[in-house]
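None of these values were measured; they are calculated from a predicted model.
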Amino acid sequence: MRIASWNVNSIRARLDHVHRFLREANPDVLCLQETKVPDSDFPTDTFARLGYETHRAGEKSYNGVAIVSRHPVADVRVGLVDAAEGDERRLIAGTVRGMRVLSAYIPNGKSLDSPAYEQKLVWLDRLLTTLKADGAPEAPLAVCGDFNVTRDDRDVYDPARYRDQLFCSPRERAAIARLEALGFHDTFRETCDAAGHYSWWDYRAGSYQRNRGLRIDYVWVSTAARGHLTHAHIEPAPRAWEKPSDHTPVVADLAWAP
DNA sequence: ATGGTAGGATTCCTA
(Lines give C-alpha, C1' and ligand atoms only; values in the text may rest on other atoms or scores of the structure.)
Protein backbone atom coordinates (compact mmCIF):
# COMPACT_ATOMS: atom_id res chain seq x y z
CA MET A 1 0.00 0.00 0.00
CA ARG A 2 1.48 3.33 -1.09
CA ILE A 3 0.72 6.21 1.28
CA ALA A 4 1.63 9.77 0.32
CA SER A 5 1.29 13.15 2.03
CA TRP A 6 1.36 16.64 0.52
CA ASN A 7 0.75 20.16 1.77
CA VAL A 8 -0.69 21.61 -1.44
CA ASN A 9 -1.20 25.25 -0.32
CA SER A 10 -4.76 25.48 -1.74
CA ILE A 11 -6.39 22.48 -3.42
CA ARG A 12 -8.12 24.79 -5.89
CA ALA A 13 -4.84 26.38 -7.01
CA ARG A 14 -3.12 22.96 -7.14
CA LEU A 15 -5.82 20.67 -8.56
CA ASP A 16 -3.95 19.92 -11.80
CA HIS A 17 -0.77 19.17 -9.84
CA VAL A 18 -2.57 16.81 -7.48
CA HIS A 19 -4.23 14.95 -10.34
CA ARG A 20 -0.90 14.67 -12.14
CA PHE A 21 0.74 13.31 -8.98
CA LEU A 22 -2.03 10.72 -8.57
CA ARG A 23 -1.53 9.55 -12.15
CA GLU A 24 2.27 9.45 -11.97
CA ALA A 25 2.85 8.16 -8.41
CA ASN A 26 -0.34 6.10 -8.18
CA PRO A 27 -0.70 6.19 -4.36
CA ASP A 28 -3.40 4.13 -2.66
CA VAL A 29 -3.90 6.92 -0.14
CA LEU A 30 -2.96 10.61 -0.42
CA CYS A 31 -3.17 12.85 2.65
CA LEU A 32 -3.56 16.55 1.85
CA GLN A 33 -2.96 19.62 4.00
CA GLU A 34 -3.70 23.33 3.59
CA THR A 35 -6.60 22.71 1.23
CA LYS A 36 -7.95 26.20 2.12
CA VAL A 37 -11.53 25.47 1.10
CA PRO A 38 -14.89 24.89 2.82
CA ASP A 39 -16.17 21.32 2.43
CA SER A 40 -18.98 22.42 0.11
CA ASP A 41 -16.39 23.77 -2.39
CA PHE A 42 -13.97 20.81 -2.28
CA PRO A 43 -13.62 19.32 -5.80
CA THR A 44 -14.67 15.82 -4.71
CA ASP A 45 -16.11 14.86 -8.12
CA THR A 46 -12.84 15.38 -10.00
CA PHE A 47 -11.16 12.85 -7.68
CA ALA A 48 -14.02 10.39 -8.14
CA ARG A 49 -13.40 10.45 -11.90
CA LEU A 50 -9.83 9.32 -11.19
CA GLY A 51 -11.10 6.46 -9.04
CA TYR A 52 -10.51 8.06 -5.64
CA GLU A 53 -12.94 8.76 -2.84
CA THR A 54 -12.36 11.87 -0.80
CA HIS A 55 -12.95 12.78 2.84
CA ARG A 56 -12.28 16.39 3.77
CA ALA A 57 -12.34 18.72 6.74
CA GLY A 58 -11.94 22.28 5.56
CA GLU A 59 -12.76 25.88 6.28
CA LYS A 60 -12.62 29.22 4.53
CA SER A 61 -9.19 30.69 3.70
CA TYR A 62 -6.92 28.72 6.01
CA ASN A 63 -5.95 25.20 7.10
CA GLY A 64 -8.03 22.25 5.82
CA VAL A 65 -7.06 18.57 5.46
CA ALA A 66 -8.26 15.64 3.39
CA ILE A 67 -7.79 11.92 2.78
CA VAL A 68 -7.96 10.75 -0.85
CA SER A 69 -8.16 6.97 -1.23
CA ARG A 70 -8.49 4.32 -3.94
CA HIS A 71 -10.02 1.99 -1.33
CA PRO A 72 -13.06 2.45 0.91
CA VAL A 73 -12.43 4.56 4.01
CA ALA A 74 -14.14 3.54 7.25
CA ASP A 75 -14.58 5.23 10.63
CA VAL A 76 -13.83 8.75 9.42
CA ARG A 77 -13.23 11.19 12.28
CA VAL A 78 -12.68 14.93 11.98
CA GLY A 79 -10.49 16.68 14.55
CA LEU A 80 -8.65 15.63 17.69
CA VAL A 81 -10.31 13.20 20.12
CA ASP A 82 -10.55 15.96 22.73
CA ALA A 83 -12.05 18.36 20.17
CA ALA A 84 -12.74 21.80 21.56
CA GLU A 85 -14.98 24.65 20.42
CA GLY A 86 -13.07 26.80 17.96
CA ASP A 87 -10.56 24.14 16.88
CA GLU A 88 -9.23 24.79 13.39
CA ARG A 89 -9.60 22.12 10.68
CA ARG A 90 -6.23 20.43 11.06
CA LEU A 91 -6.89 16.70 11.40
CA ILE A 92 -8.89 13.98 9.67
CA ALA A 93 -8.60 10.24 10.25
CA GLY A 94 -9.97 7.19 8.45
CA THR A 95 -9.32 3.46 8.26
CA VAL A 96 -8.13 2.03 4.92
CA ARG A 97 -7.74 -1.76 4.59
CA GLY A 98 -7.33 -2.03 8.35
CA MET A 99 -4.72 0.75 8.56
CA ARG A 100 -5.71 3.86 10.51
CA VAL A 101 -4.51 6.84 8.42
CA LEU A 102 -4.34 10.39 9.78
CA SER A 103 -3.80 13.57 7.76
CA ALA A 104 -2.47 16.30 10.07
CA TYR A 105 -1.56 19.95 9.62
CA ILE A 106 0.33 21.03 12.72
CA PRO A 107 0.12 24.74 13.62
CA ASN A 108 3.05 26.80 12.30
CA GLY A 109 3.70 28.57 15.59
CA LYS A 110 4.61 31.96 14.05
CA SER A 111 7.56 32.71 16.38
CA LEU A 112 8.99 31.45 19.66
CA ASP A 113 7.58 34.40 21.62
CA SER A 114 4.08 34.07 20.16
CA PRO A 115 1.08 32.48 21.90
CA ALA A 116 0.78 30.46 18.67
CA TYR A 117 4.03 28.70 19.57
CA GLU A 118 2.60 27.46 22.87
CA GLN A 119 -0.57 26.42 21.02
CA LYS A 120 1.56 24.46 18.55
CA LEU A 121 3.13 22.48 21.41
CA VAL A 122 -0.25 21.88 23.03
CA TRP A 123 -1.67 20.71 19.69
CA LEU A 124 1.17 18.21 19.24
CA ASP A 125 0.51 16.71 22.66
CA ARG A 126 -3.22 16.55 21.89
CA LEU A 127 -2.25 14.64 18.75
CA LEU A 128 -0.41 12.10 20.93
CA THR A 129 -3.55 11.71 23.04
CA THR A 130 -5.50 11.07 19.83
CA LEU A 131 -3.00 8.45 18.64
CA LYS A 132 -3.22 6.61 21.96
CA ALA A 133 -7.01 6.65 21.63
CA ASP A 134 -6.58 5.05 18.20
CA GLY A 135 -4.61 2.22 19.80
CA ALA A 136 -1.00 3.30 19.23
CA PRO A 137 1.50 1.74 19.11
CA GLU A 138 -0.03 -1.76 18.93
CA ALA A 139 -2.59 -0.82 16.27
CA PRO A 140 -1.42 -0.20 12.69
CA LEU A 141 -1.37 3.58 12.20
CA ALA A 142 0.10 5.94 9.60
CA VAL A 143 0.35 9.56 10.71
CA CYS A 144 0.94 11.81 7.72
CA GLY A 145 1.30 15.51 7.32
CA ASP A 146 3.00 18.85 7.63
CA PHE A 147 4.47 18.89 11.15
CA ASN A 148 6.22 22.27 10.79
CA VAL A 149 9.11 20.78 12.81
CA THR A 150 12.48 19.39 11.72
CA ARG A 151 13.44 16.20 13.52
CA ASP A 152 17.18 17.00 13.63
CA ASP A 153 19.82 19.10 11.90
CA ARG A 154 20.06 16.74 8.93
CA ASP A 155 16.69 18.17 7.95
CA VAL A 156 17.91 21.79 7.84
CA TYR A 157 19.88 23.48 5.04
CA ASP A 158 21.67 25.82 7.46
CA PRO A 159 21.55 24.42 11.02
CA ALA A 160 23.56 27.29 12.50
CA ARG A 161 21.12 29.86 11.17
CA TYR A 162 18.14 27.87 12.44
CA ARG A 163 19.50 26.93 15.86
CA ASP A 164 16.80 27.48 18.49
CA GLN A 165 14.60 29.05 15.82
CA LEU A 166 11.05 28.11 14.79
CA PHE A 167 10.87 24.62 13.20
CA CYS A 168 14.06 23.63 15.04
CA SER A 169 13.61 24.67 18.67
CA PRO A 170 14.30 22.14 21.46
CA ARG A 171 10.69 22.18 22.67
CA GLU A 172 9.34 21.43 19.19
CA ARG A 173 11.86 18.64 18.67
CA ALA A 174 11.06 17.26 22.13
CA ALA A 175 7.42 16.97 21.05
CA ILE A 176 8.55 14.96 18.01
CA ALA A 177 10.71 12.82 20.31
CA ARG A 178 7.59 12.06 22.40
CA LEU A 179 5.88 10.88 19.20
CA GLU A 180 8.83 8.55 18.62
CA ALA A 181 8.76 7.39 22.24
CA LEU A 182 5.10 6.50 21.80
CA GLY A 183 6.17 4.06 19.09
CA PHE A 184 6.16 5.96 15.79
CA HIS A 185 8.85 5.61 13.15
CA ASP A 186 9.94 8.20 10.57
CA THR A 187 9.54 6.20 7.35
CA PHE A 188 11.95 8.41 5.41
CA ARG A 189 14.68 7.89 8.02
CA GLU A 190 14.04 4.14 8.08
CA THR A 191 15.58 4.05 4.60
CA CYS A 192 17.83 7.14 4.34
CA ASP A 193 20.32 8.58 6.86
CA ALA A 194 21.65 11.36 4.65
CA ALA A 195 21.28 15.07 5.33
CA GLY A 196 20.01 17.44 2.67
CA HIS A 197 16.65 15.89 1.78
CA TYR A 198 13.89 18.47 2.16
CA SER A 199 10.11 18.62 1.74
CA TRP A 200 9.60 22.42 1.89
CA TRP A 201 11.31 25.43 0.37
CA ASP A 202 10.18 29.02 1.02
CA TYR A 203 8.69 30.76 -2.01
CA ARG A 204 10.90 33.76 -1.30
CA ALA A 205 14.50 34.61 -2.08
CA GLY A 206 14.97 31.79 -4.60
CA SER A 207 15.06 29.24 -1.79
CA TYR A 208 14.19 26.29 -4.03
CA GLN A 209 16.71 27.20 -6.73
CA ARG A 210 19.39 27.43 -4.01
CA ASN A 211 18.11 24.26 -2.25
CA ARG A 212 17.54 26.14 1.00
CA GLY A 213 14.91 23.80 2.39
CA LEU A 214 13.65 21.97 5.47
CA ARG A 215 12.24 18.47 5.96
CA ILE A 216 9.02 19.11 7.88
CA ASP A 217 6.58 16.71 6.17
CA TYR A 218 6.40 13.09 7.36
CA VAL A 219 4.78 9.71 7.04
CA TRP A 220 5.11 8.15 10.52
CA VAL A 221 4.05 4.55 11.08
CA SER A 222 3.35 2.80 14.37
CA THR A 223 5.39 -0.17 15.55
CA ALA A 224 2.63 -2.49 14.36
CA ALA A 225 3.09 -1.26 10.78
CA ARG A 226 6.85 -0.67 10.76
CA GLY A 227 7.77 -4.23 9.78
CA HIS A 228 5.68 -3.88 6.63
CA LEU A 229 7.63 -0.85 5.33
CA THR A 230 9.37 -1.60 2.03
CA HIS A 231 10.35 1.85 0.76
CA ALA A 232 10.07 5.57 1.49
CA HIS A 233 11.14 8.68 -0.35
CA ILE A 234 10.53 12.36 -0.92
CA GLU A 235 9.21 13.02 -4.43
CA PRO A 236 10.96 16.22 -5.49
CA ALA A 237 9.48 16.70 -8.97
CA PRO A 238 6.24 18.56 -8.14
CA ARG A 239 8.15 21.40 -6.45
CA ALA A 240 9.65 22.21 -9.88
CA TRP A 241 6.32 22.19 -11.76
CA GLU A 242 4.80 25.50 -12.89
CA LYS A 243 3.20 27.48 -10.01
CA PRO A 244 4.04 24.86 -7.38
CA SER A 245 3.12 24.38 -3.76
CA ASP A 246 5.98 25.34 -1.47
CA HIS A 247 5.90 21.69 -0.24
CA THR A 248 6.58 18.50 -2.20
CA PRO A 249 5.01 15.06 -1.57
CA VAL A 250 6.47 12.45 0.80
CA VAL A 251 5.80 8.77 0.08
CA ALA A 252 5.94 5.46 1.97
CA ASP A 253 5.29 1.95 0.62
CA LEU A 254 4.11 -0.86 2.88
CA ALA A 255 3.62 -4.52 2.06
CA TRP A 256 0.25 -4.47 3.75
CA ALA A 257 -2.22 -7.30 3.38
CA PRO A 258 -4.86 -6.99 6.09
C1' DA B 1 21.73 41.05 4.54
C1' DT B 2 16.11 40.17 8.90
C1' DG B 3 14.41 40.88 2.72
C1' DG B 4 11.81 38.02 -0.34
C1' DT B 5 6.62 35.28 -2.74
C1' DA B 6 2.21 32.93 -2.82
C1' DG B 7 -2.85 32.14 -1.84
C1' DG B 8 -7.06 33.88 -0.29
C1' DA B 9 -9.92 37.37 1.08
C1' DT B 10 -10.23 42.37 1.05
C1' DT B 11 -6.40 46.44 2.36
C1' DC B 12 -4.52 42.48 5.44
C1' DC B 13 -3.58 37.59 7.23
C1' DT B 14 -0.99 33.36 7.23
C1' DA B 15 2.79 30.86 5.85
Discussion item. Between B:dA9 and B:dA15, how far apart are the two C1' atoms, rounded to whole Å?
Written reply: 15 Å
Worksheet item: Mind checking whether A:W241 and A:H17 have parallel, tilted or perpendicular rings, split at 30° and 60°?
Response: perpendicular
Could you write out each protein N or O paired with an N or O of nucleotides 4-6 of chain B at a distance under 3.5 Å?
unit_1 : atom_1 : unit_2 : atom_2 : d
B:dG4  : O6     : A:R204 : NH1    : 3.3

Worksheet, complete the sentence: Hits for side-chain contact (heavy atoms from CB on, under 4.5 Å) against A:A93, two or more places apart or cross-chain, chain-then-number order -> A:R77, A:R100, A:L102
Response to the item:
Taken in chain and number order and not counting sequence neighbours, the residues that satisfy salt bridge (charged side-chain N to carboxylate O under 4.0 Å, His left out) with A:R56 are none
Discussion item. Among residues at least two apart in sequence or on other chains, which ones pass side-chain contact (heavy atoms from CB on, under 4.5 Å) with A:S40?
Written reply: A:P38
Listing, residues 251-258 of chain A side-chain donor-acceptor contacts under 3.5 Å, not counting sequence neighbours, or none:
unit_1 : atom_1 : unit_2 : atom_2 : d
A:D253 : OD1    : A:R2   : NE     : 2.7
A:D253 : OD2    : A:R2   : NH2    : 2.9
A:W256 : NE1    : A:R97  : O      : 2.8

Practice prompt. Looking at every strand, decide which applies to A:R239 at a 4.0 Å heavy-atom threshold: base, sugar-phosphate, or nothing.
Written response: nothing
Discussion item. Tell me every residue that passes side-chain contact (heavy atoms from CB on, under 4.5 Å) with A:A133, counting only those two or more places apart in sequence or in another chain.
Written reply: A:V81
Worksheet item: If each of A:T35 and A:R210 is mapped to the nucleotide of DNA chain B with the nearest heavy atom, which maps nearer the 5' terminus, i.e. the 5' end?
Response: A:R210
Practice prompt. Mind checking salt bridge (charged side-chain N to carboxylate O under 4.0 Å, His left out) for A:R126 and listing every partner two or more places apart, or none if nothing turns up?
Written response: A:D82, A:D87
Discussion item. Show me the pairs that pass side chain to side chain donor-acceptor pair (under 3.5 Å) and involve residues 64-75 of chain A, at least two apart or across chains.
Written reply: A:N26-A:R70, A:D28-A:H71, A:Y52-A:R70
Worksheet item: Counting only non-hydrogen atoms, which of residues 102-117 of chain A are less than 4.0 Å from DNA chain B?
Response: A:Y105, A:N108, A:K110
Discussion item. According to salt bridge (charged side-chain N to carboxylate O under 4.0 Å, His left out), who are the partners of A:D152, at least two apart in sequence or on a separate chain?
Written reply: A:R154
Response to the item:
Ordered by number, residues from residues 55-65 of chain A within less than 4.0 Å of DNA chain B (heavy atoms) are A:K60, A:S61, A:Y62
Worksheet item: Can you list the residues that meet the ring-ring contact (aromatic ring centres under 6.0 Å, His included) rule with A:H231, with sequence neighbours excluded?
Response: A:H233
